Student: 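So that we are looking at the same thing, I have put the structure below in structure tokens.
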Amino acid sequence: ITLKESGPALVKPTETLTLTCSFSGFSLKTDSVGVGWLRQPPGKAPECLGIIYWNDNKRYSPSLENRLTITMDTSKDQVVLTMTNVDPVDTATYYCAHTGTPFGGAISRSFDRWGQGTLVTVSS
Amino acid sequence: ETVLTQSPLFLAVTPGEPASISCGSRQSLLHSNGYTYLDWYLQKPGQSPQPLIFMGSHRASGVPDRFSGSGSGTDFTLKISRVEAEDVGVYYCMQALQIPPTFGQGTRLEIK
């Protein structure tokens, strides 16, 4: 399983940020599988922005829900994150990660594979 | 939002010595399926976080057996039986009972 994030390195305040996660080694059509978007400001802990699941169910961070949209394109094995009205506080390394591996009759919610991350700076 | 509190925030350990990191939650992380949704990750310098322990006590693929996770309900511990130089980095706990998951603030481990 591999994942790789792509998108702009620099975005202006109030603009919309669009990031793409291209993955291989798994299918988002498989039961229980999900792809999460996370970000990590410099020197801080990671924060999960949201997760999209194989059945197109989506769960977003309550504090960012009104600014986020996560979509998937199973034909291209891609997941797209859109964040509107960005601000300098959104400056961070953005990661996508795989989740939903079956374990012992349950489903692990661990992020067991991460992309390399892409640094996004919000500045005018 | 489920808040996780880690301690200590900084750890300096001599190679070969053990290390222990605690993670506390205000709410129980026990799911009705009997599993506890608490994971541990290590972020080595310049790298993405990598999974160490999932569902409280299960080592992720390829993780050395010197790493172990324990605990239940609201209090959890990551133990390294004998620290090696390659273990430096920041350790995070993450709860996944409530979606989306949330992380602790991190514990930085350095080698003496």
Side-chain angles (χ1 to χ4, degrees), chain A residues 1-5 21 23 25 32 34-53 55 57-65 68 70 81 92-119, chain B residues 1-7 9-10 21 23 29-63 67 69 76 78 89-108:
Chain A
I1 292 177
T2 63
L3 305 99
K4 186 173 183 179
E5 308 84 354
C21 174
F23 58 85
S32 81
V35 172
W37 279 101
L38 305 97
R39 70 179 180 181
Q40 186 174 30
K44 296 189 176 182
E47 172 188 22
C48 182
L49 305 178
I51 304 172
I52 188 166
Y53 296 96
N55 56 3
N57 187 23
K58 302 155 194 178
R59 301 289 296 273
Y60 295 106
S61 167
S63 61
L64 293 166
E65 185 166 12
L68 298 175
I70 299 176
L81 171 74
T93 296
Y94 285 73
Y95 299 96
C96 59
H98 171 275
T99 186
T101 298
F103 179 80
I107 303 298
S108 170
R109 298 176 182 180
S110 173
F111 293 115
D112 49 22
R113 290 290 188 273
W114 294 60
Q116 64 188 27
T118 185
L119 176 61
Chain B
E1 177 177 300
T2 303
V3 176
L4 299 179
T5 302
Q6 291 182 229
S7 65
L9 299 184
F10 176 79
I21 300 171
C23 177
L29 300 181
L30 178 64
H31 192 281
S32 57
N33 64 13
Y35 287 103
T36 298
Y37 281 86
L38 188 284
D39 303 333
W40 290 94
Y41 296 83
L42 165 60
Q43 187 169 29
K44 296 183 178 182
Q47 296 185 18
S48 306
Q50 59 189 73
L52 293 175
I53 303 289
F54 66 97
M55 289 177 160
S57 61
H58 303 281
R59 272 189 300 277
S61 176
V63 174
F67 290 92
F76 303 90
L78 175 71
V90 182
Y91 290 79
Y92 296 100
C93 58
M94 183 194 85
Q95 70 78 27
L97 182 66
Q98 302 298 327
I99 301 297
T102 52
F103 290 80
Q105 68 268 60
T107 296
R108 181 173 300 278

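Bear in mind the structure is a predicted one, so any value in this text is a computation, not a measurement. Chain naming here is simple, since letters A, B, ... match the order of the sequence lines and numbering starts at 1 in each.
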Student: Distance check, rounded to the nearest 0.5 Å: A:T99 atom OG1 versus B:I99 atom CD1?
Tutor: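 If we round to the nearest 0.5 Å, A:T99:OG1 and B:I99:CD1 are 7.0 Å apart.
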
Student: Which heavy atom in A:Q40 sits nearest to a heavy atom in B:Y92, and how many Å separate them?
Tutor: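 Shortest heavy-atom separation between A:Q40 and B:Y92 comes out as NE2-OH, 3.3 Å.
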
Student: How would you list all residue pairs meeting side-chain hydrogen bond (donor to acceptor under 3.5 Å, both in side chains) that involve residues 46-63 of chain B, not counting sequence neighbours?
Tutor: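 Of all non-adjacent pairs touching residues 46-63 of chain B, none passes side-chain hydrogen bond (donor to acceptor under 3.5 Å, both in side chains).
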
Student: Tell me, side chain or backbone of A:I107 under 4.5 Å from chain B's heavy atoms, or both, or neither?
Tutor: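 Backbone of A:I107 only, per the 4.5 Å heavy-atom cut-off to chain B.
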
Student: B:G106, B:G104, B:P101, B:A60: which one forms the most heavy-atom pairs within less than 4.5 Å of chain A?
Tutor: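 Most pairs with chain A among the choices: B:P101.
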
Student: Relative to chain B, which segment of A:F103 carries a heavy atom at a distance below 4.5 Å: side chain, backbone, both, or neither?
Tutor: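 Contact with chain B involves both backbone and side-chain atoms of A:F103.
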
Student: Run the numbers on A:S110 and B:M55 for side-chain contact (heavy atoms from CB on, under 4.5 Å), then give the verdict.
Tutor: CA-CA 8 Å; A:S110 173; B:M55 289 177 160; over 6 Å; no

Student: Hey, which of A:P62, A:G105, A:G117, A:A106 has the most heavy atom pairs under 4.5 Å with chain B?
Tutor: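 Of the candidates given, the most pairs with chain B belong to A:A106.
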
Student: Taking all non-hydrogen atoms of both residues, which atom of B:F103 and which atom of A:P46 are closest, and how far apart?
Tutor: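 Nearest pair, atom of B:F103 first, then A:P46: CD1-O, 3.2 Å.
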
Student: What is the minimum heavy-atom distance between A:R109 and B:M94, and which atoms define it?
Tutor: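 Closest approach of A:R109 to B:M94, heavy atoms only: O-CE, 3.9 Å.
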
Student: For residues B:P49 and A:F111, determine if any side-chain heavy atom of one lies less than 4.5 Å from a side-chain heavy atom of the other.
Tutor: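 No - every pair of side-chain heavy atoms lies 4.5 Å or more apart.
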
Student: Answer with side chain, backbone, both or neither: which region of A:Y95 has an atom nearer than 4.5 Å to a non-hydrogen atom of chain B?
Tutor: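 Contact with chain B is through the side chain of A:Y95 alone.
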
Student: Might you confirm whether atom NZ of B:K44 has over 12 heavy atoms from other residues, nucleotides or ligands at distances under 6.0 Å?
Tutor: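 Yes, because the 6.0 Å sphere around NZ of B:K44 holds more than 12 heavy atoms from other groups.
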
